[in-house]
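Okay, structure first, notes after.
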Amino acid sequence: MFFRKIFLVLIFCLFSNNYSFSLNIEIKAKIDNAIITNIDIENEMKYLIFLNPKLKELNKKEIINIAKNSLIREIIKEKELKKFFDINKKYKFVDKIEKNLLLKKNIKKNELINLLNKNNMDYSIMRRKLKIEALWNQLVYKKYIKNIKI
């Protein structure tokens, strides 16, 4: 009986190896304590292409470089924003930015969520990216409004 169980476990292991796979995860950049992996870059590429489909016209190496730089800027912005804003707080102007995106894409919110899910993207991550960009613009505006003369 014991040998039969071992035999079944071995058979199961042999057959399950055919369906298993591994991802090759590489660290591409490190900013302070934050790391950027090749998976992060691929996910960022999806978001950037979703927001600007014309990026598909570029070659893959250029898109990867744009995505990597975008992630680096996002990490730096988020670190700086934490000094002035509560990033986890809900801001109404992010809703307005999202509405403008929906109008630009000519879709409804539930369609956006479905479209993101279909493309293996997360709505909450996209919304966080919009929030970081909006807060960054707010910070720049507040910091330099005194220097603008019309």
Side chain to side chain contact (heavy atoms under 4.5 Å, CB included) between E44 and K68, intermediate numbers included: CA-CA 8 Å; E44 184 71 9; K68 181 180 175 185; over 6 Å; no
Steps toward side chain to side chain contact (heavy atoms under 4.5 Å, CB included) verdict (L135, F84): CA-CA 9 Å; L135 288 172; F84 302 97; over 6 Å; no
L116 and M126: side chain to side chain contact (heavy atoms under 4.5 Å, CB included), yes or no, with the steps? CA-CA 9 Å; L116 290 170; M126 188 202 73; 4.0 Å; yes
Given M121 and N43, is the side chain to side chain contact (heavy atoms under 4.5 Å, CB included) satisfied, shown in steps? CA-CA 7 Å; M121 294 188 285; N43 290 335; over 6 Å; no
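The shortest distance between side-chain heavy atoms of N120 and K46 falls below 4.5 Å. Side-chain contact check for K108 versus L102: every heavy-atom pair is 4.5 Å or farther apart. At a threshold of 4.5 Å between non-hydrogen side-chain atoms, the residues I125 and Y47 count as touching. The side-chain heavy atoms of I25 and N38, taken from C-beta on, include a pair separated by under 4.5 Å. In this structure, T37 and K28 have side chains that are not in contact, with every pair of non-hydrogen atoms separated by 4.5 Å or more. Within the 4.5 Å cutoff, the side chain of I66 has heavy atoms near those of the L58 side chain.
Separating the CD1 atom in I113 from the CZ atom in R127 is a distance of 9.5 Å, to the nearest 0.5 Å. Taking CG from N114 and NZ from K118, the interatomic distance works out to 7.5 Å, rounded to the nearest 0.5 Å. Here the CG atom belonging to N110 is positioned 10.5 Å from the OH atom belonging to Y123, to the nearest 0.5 angstrom. Taking CD1 of I49 as the reference point, atom CD1 of I63 lies at 4.5 Å (rounded to 0.5 Å). Note that CD1 of I132 is 13.0 Å distant from CD of E80, once rounded to the nearest 0.5 Å. Taking CG of N65 as the reference point, atom OG of S70 lies at 11.0 Å (rounded to 0.5 Å).
Atom CD1 of I145 has more than 12 heavy atoms from other residues, nucleotides or ligands within 6.0 Å. Counting non-hydrogen atoms of other residues, nucleotides and ligands closer than 6.0 Å to CG of N33 gives a total of 12 or fewer. For K105, the NZ atom is densely surrounded, since the number of other residues' heavy atoms within 6.0 Å is greater than 12.
Here the side chain of D86 pairs a donor or acceptor atom with the backbone of N88 at under 3.5 angstrom.
Every residue meeting the side-chain contact (heavy atoms from CB on, under 4.5 Å) condition with L51, not counting sequence neighbours, appears here in chain and number order: L101.
Nearest heavy-atom pair across L48 and A67 is CD1-CA, 3.7 Å.
With respect to the salt-bridge test (charged N to carboxylate O, under 4.0 angstrom), the residues D95 and K109 do not qualify.
Of the listed residues (R128, K83, K131, K129), just one forms a salt bridge (Lys or Arg N to Asp or Glu O under 4.0 Å) with E78, and that residue is R128.
Hydrophobic clustering places I97 together with I87 (ILVMFWY residues linked when any side-chain heavy atoms are closer than 4.5 Å, directly or through intermediates). One hydrophobic cluster, built from ILVMFWY side chains closer than 4.5 Å, holds both I64 and I31. In terms of hydrophobic clustering, with Ile, Leu, Val, Met, Phe, Trp and Tyr side chains grouped at heavy-atom distances under 4.5 Å, M45 and I35 are assigned to different clusters. In terms of hydrophobic clustering, with Ile, Leu, Val, Met, Phe, Trp and Tyr side chains grouped at heavy-atom distances under 4.5 Å, V140 and F85 are assigned to a common cluster. I72 and L139 are assigned to two separate hydrophobic clusters, defined by single-linkage of ILVMFWY side chains at heavy-atom distances under 4.5 Å.
Counting only residues at least two apart or in different chains, side chain to side chain donor-acceptor pair (under 3.5 Å) contacts with residues 133-143 comprise K77-E133.
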